[in-house]
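The first residue in the sequence is number 1, and the count goes up from there. Below, each value reflects all heavy atoms present in this structure, side chains not excepted, and no hydrogens, waters or symmetry copies.
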Amino acid sequence: MEIEFSSLDDSLARFTLSGATPAFANAFRRAMIGEVPTLAIENVRIYDNTSAFFDEMLTHRLGLIPIKTDLSTYSTQENCSCGGAGCPGCMVTFTLSVEGPKTVLSSDLIPQDPNATPVYDNIPIVKLIKGQKLVIEAQAILNTGREHAKWQPTLVCGFKNHPVISISESCDACAMCVEECPRGILAVKGKTVEVVEGKLPECSMCKLCERACLASGIGDEPAISVSADSERYIFMVESDGSLPVKEIMERALQYIRDQSDELERQLGEISGDEKK
């Protein structure tokens, strides 16, 4: 297998995965969404809430605020030495005390660990009018998106098969397919139609070009055909900011490898040929 990036930064990655099966591509996608742990607020102690929001609505909003996560510092509660009781190794405590009139923002959450701050400072939580007050203590823990969507590290994570466009010698460059293509992927060059350089990945495989070619009266078979490469996939992954995209990918691949090793070990035990 091979991964080729077309763009990569901390928040967004576009890449092509080659030499993989559809099952592996989907397992990779699911692992990035649901198996990479992040911090999210789970427990909230409300000391004073005279805002317009019920306690449950307020707690739900707090839980959806993405938090910067250092996976080398924190562990899940089930794997922590405290046994899940809660300690600085598996939990981050936030405090918030605000009086109106004011719009309470994520920047008003004061973390115990200065490295575990909300990703964005301007996320609105609730609007307080004069005389209203909000005093809370919140605890964020490490978990995965398989448990709840608030622990998902990705905003967007999806893939499609890499498109393949073939143009036969019967093409007469009538340009009807060029005019029909909604993404401007095709262009007339000389006496034939060609794919514009660098635009092939943008093809949505709608096949409007094939229909336009048939409508031109070329015959029973269009001169242009669109298909999908069964071993190449175009991925787009966008982080919510809690983890860099590269780390999300690495952790997801490591998870797949660990699961594969565990499956191999268990199959070895069943068959009596345990892996050394």
Side-chain angles (χ1 to χ4, degrees), residues 1-38 66 69 71 119 144-146 149 151-168 171 177-178 180-189 192-213 222-261 263:
M1 285 183 292
E2 181 181 342
I3 292 178
E4 181 181 352
F5 288 94
S6 57
S7 64
L8 174 65
D9 56 37
D10 283 347
S11 61
L12 183 66
R14 296 175 185 270
F15 60 92
T16 301
L17 175 65
S18 305
T21 63
F24 181 86
N26 193 47
F28 188 23
R29 177 190 69 85
R30 289 173 64 91
M32 285 189 283
I33 294 173
E35 304 297 346
V36 179
T38 62
T69 304
L71 293 178
V119 173
T144 62
R146 184 168 55 172
W151 281 295
Q152 290 180 5
T154 59
L155 297 175
V156 175
C157 185
F159 70 90
K160 67 174 183 178
N161 286 88
H162 199 290
V164 178
I165 298 179
S166 303
I167 300 170
S168 68
C171 176
C177 60
V178 176
E180 195 69 24
C181 180
R183 300 194 175 184
I185 293 169
L186 304 172
V188 176
K189 189 173 183 180
T192 188
V193 170
E194 293 185 356
V195 177
V196 177
E197 185 177 355
K199 301 205 73 173
L200 179 59
E202 297 180 22
C203 176
S204 64
M205 293 181 278
C206 64
K207 298 195 175 185
L208 289 174
C209 53
E210 289 187 8
R211 298 174 195 172
C213 188
I224 184 171
S225 66
V226 181
S227 59
D229 190 328
S230 61
E231 294 187 348
R232 293 184 72 198
Y233 311 90
I234 299 172
F235 274 80
M236 185 175 77
V237 183
E238 183 179 358
S239 169
D240 67 355
S242 56
L243 291 169
V245 170
K246 185 178 178 181
E247 185 172 3
I248 294 172
M249 293 174 60
E250 290 173 347
R251 295 275 178 172
L253 289 171
Q254 185 62 50
Y255 171 82
I256 294 173
R257 182 173 183 175
D258 292 344
Q259 291 295 102
S260 299
D261 290 344
L263 177 61

### Candidate pair Ile3 and Met249, rule side-chain contact (heavy atoms from CB on, under 4.5 Å), full reasoning
CA-CA 11 Å; Ile3 292 178; Met249 293 174 60; 4.3 Å; yes

### Task
Quick one: pull up CD in Glu247 and CG in Asp10 and give me the separation to the nearest 0.5 Å.
10.0 Å

### Sidechain-backbone polar pair: Ser11 side chain, Ser239 backbone, donor-acceptor under 3.5 Å
no

### Query
Taking NZ, NE, NH1 and NH2 as the nitrogens, is one of them in Glu35 or Arg30 under 4.0 Å from a carboxylate oxygen of the other?
no

### Non-hydrogen atoms of Ala252 and Val36 that approach each other most closely
N-CG2, 3.9 Å

#### Entry: Crowding at NZ, Lys189 (>12 non-hydrogen neighbours, <6.0 Å)
no

### Summary
Heavy-atom nearest pair, Val196 first then Gly184, reads CG2-O, 3.9 Å

### Task
Indicate yes or no for a side-chain donor-acceptor contact from Thr38 to the backbone of Pro153 under 3.5 Å, with no hydrogens or angles considered.
no

### Task
Could you check Arg232 against Ser18 for side-chain contact (heavy atoms from CB on, under 4.5 Å), going step by step and ending with a plain yes or no?
CA-CA 4 Å; Arg232 293 184 72 198; Ser18 305; 3.5 Å; yes

### Task
Would you mind listing every ring-ring contact (aromatic ring centres under 6.0 Å, His included) that reaches into residues 222-242, with sequence neighbours excluded?
Phe15-Phe235, Phe28-Phe235, Phe159-Tyr233, Phe159-Phe235

### Task
State, to 0.1 Å, how close Leu186 and Val178 come at their nearest heavy-atom pair, and which atoms those are.
O-CG1, 3.4 Å

#### Entry: Asp240 side chain to Leu155 backbone, donor-acceptor under 3.5 Å
no

### Query
Which atom names give the shortest non-hydrogen contact between Lys160 and Cys203, and what distance separates them?
NZ-O, 2.7 Å

### Task
Output yes when a side-chain donor or acceptor of Thr154 lies under 3.5 Å from a complementary backbone atom of Val156, and no otherwise.
no

### Message
If I compare all heavy atoms of Cys157 with all of Met32, which pair ends up nearest, and what's the gap?
### Response
SG-CE, 3.6 Å

## Note on the structure
In short, Thr192 meets Ile167 closest at the heavy-atom pair OG1-CG2, 3.9 Å

### Message
How long is the straight-line distance from CD of Glu4 back to CG of Leu17, given to the nearest 0.5 Å?
### Response
11.5 Å

### Within 6.0 Å of NZ in Lys246, more than 12 heavy atoms from elsewhere
no

### Task
Please answer whether the main-chain N or O of Val226 pairs with a side-chain N or O of Glu210 as donor and acceptor at a distance below 3.5 Å.
yes

